[in-house]
Number of protein chains: 2
Amino acid sequence: MAQRLFVAHGFDRTSVDDIAVAAGISRRTFFRYFPTKADVCFADSPAELARLREGLSAADPRESYRPAVVRAVTAALRFPPGEREWALQRAQLVLGVPVLQAHATQVYAQWRAAAAEFARGRQPGDDVFPVVVGHAVLAATLAAHEYWITHPAGDLEDALAQMLDLLLPPEPPPT
Amino acid sequence: MAQRLFVAHGFDRTSVDDIAVAAGISRRTFFRYFPTKADVCFADSPAELARLREGLSAADPRESYRPAVVRAVTAALRFPPGEREWALQRAQLVLGVPVLQAHATQVYAQWRAAAAEFARGRQPGDDVFPVVVGHAVLAATLAAHEYWITHPAGDLEDALAQMLDLLLPPEPPPT
DNA sequence: GCAGGTTATGGCACTCTGTGCCAGAAGTGG
DNA sequence: CCACTTCTGGCACAGAGTGCCATAACCTGC
């Protein structure tokens with residue numbers, strides 16, 4: 001509901017009062033549901049993060065790590081076909097509005113942490129590998145979304161797989 | 001000067017009034033020098049960005065792109081030895097304080113854009129390569145800083161080179 | 001040194017976000 | 001119906017950031 005206002009009038013020109021009035025609640029109540037105006041656009045993020053963690057921890061330890069990451073990430077960000085427009089609109093907002101780009105860093109940090117933790121389990125004792133994998137997963141996710149909003153005819157999932165293939169580092173030999 | 005206050009009392013617990021009083025200026029004047037409280041920590045960013053662009057555009061077009069990027073990035077972020085503590089402190093702030101992480105996205109976007117523009121010049125007609133290189137350069141820069149603040153004994157420059165080597169995609173064959 | 005204009009500074013009032021506190025409405029179980 | 005919990009709204013507040021205007025500091029040329 002609020003997302004529609006953001007798209008129609010711009011995020012910055014939509015005040016919390018506007019949203020509250022449109023939603024038929026008070027300003028104070030809005031802040032009980034969403035800690036921040038920007039959080040309206042990140043309502044699905046906890047679920048996506050949970051799916052990512054789930055997909056990573058479900059991976060077969062004997063399988064090499066790259067296909068496992070590709071599968072977990074694409075599954076975590078999959079959406080039902082009916083929500084395609086909705087997801088695209090949200091991606092345009094998050095990647096295009098500075099305040100939302102900024103707010104997204106908190107979500108990104110959790111993605112990085114999840115990927116890094118998985119990588120640490122694959123290469124115990126290696127301090128570099130988890131950091132690189134964390135940033136690679138995040139960079140690929142962002143790159144895929146960036147590519148998607150400029151080429152909306154294609155599928156996000158394909159872009160994700162392609163970007164991950166280009167950005168994930170090779171698996172170092174076990175120590 | 002303000003950075004010292006941030007380190008001593010925390011970024012959030014330091015108000016603009018505090019900074020203004022410590023600097024002997026008025027609150028209003030502070031906002032003339034820095035559009036935002038967070039911008040205090042990004043005073044060097046325009047110069048770093050300029051050095052990055054410069055280094056990239058100075059690269060020999062016959063050289064493959066990866067070493068050119070490594071040279072440009074490491075040169076852009078090089079600092080005199082006397083500023084090492086200062087730079088490390090700033091990195092800890094920017095990577096550790098949520099508000100600063102968030103504000104940094106604006107700077108990151110410019111880095112990505114500079115790297116992407118360079119990559120576009122190397123692979124005209126390829127829509128994927130610039131996006132990937134932009135995100136790879138940024139991811140490697142962040143990964144290097146993240147590694148550096150947890151292993152401050154090493155050199156940032158070495159970490160940058162290592163991360164870029166792991167994250168930069170291979171150069172696709174010319175079309 | 002002085003009148004001219006330009007630039008830097010300070011103060012004031014305002015909007016907006018986000019928060020703490022408290023009062024009252026709404027729902028729930030006995 | 002009553003007690004208890006939960007949801008909601010209003011109010012006041014702090015802090016960031018901005019627009020406006022008055023004034024102080026700094027050059028100019030004369």
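All figures in this text were calculated on a predicted structure; none of them were measured in a lab. Protein chains get the first letters and strands the later ones, always in sequence-line order, with residue 1 at the start of each.
For A:F42, the ring pair (Phe, Tyr, Trp, His ring centres under 6.0 Å) partners at least two apart in sequence or on another chain are A:H103. Under the ring pair (Phe, Tyr, Trp, His ring centres under 6.0 Å) criterion, A:W111 pairs with no residue, sequence neighbours left out. Contacts of B:P152 classified as side-chain contact (heavy atoms from CB on, under 4.5 Å), with partners at least two apart in sequence or in another chain: B:L88.
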Under 4.0 Å protein heavy-atom contact, by nucleotide of nucleotides 8-23 of chain C - B base, S sugar-phosphate only: -BBBB----BBBBB--
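Nucleotides of DNA chain D that come within less than 4.0 Å of any heavy atom of chain B span, from the 5' end to the 3' end, D:dA16 to D:dC20.
One finds a salt bridge joining B:D44 and B:R90 here, because a Lys/Arg side-chain nitrogen approaches an Asp/Glu carboxylate oxygen to under 4.0 Å. With respect to B:E171 and B:R66, no salt bridge is recorded, no charged nitrogen being found less than 4.0 Å from a carboxylate O. B:R13 and B:D18 are not joined by a salt bridge, as no carboxylate oxygen comes within less than 4.0 angstrom of a charged side-chain nitrogen.
Grouped with B:V132 in one hydrophobic cluster are A:Y147, A:M163, A:L166, A:L167, B:V128, B:V131, the linkage being side-chain heavy-atom contacts under 4.5 Å among Ile, Leu, Val, Met, Phe, Trp and Tyr residues.
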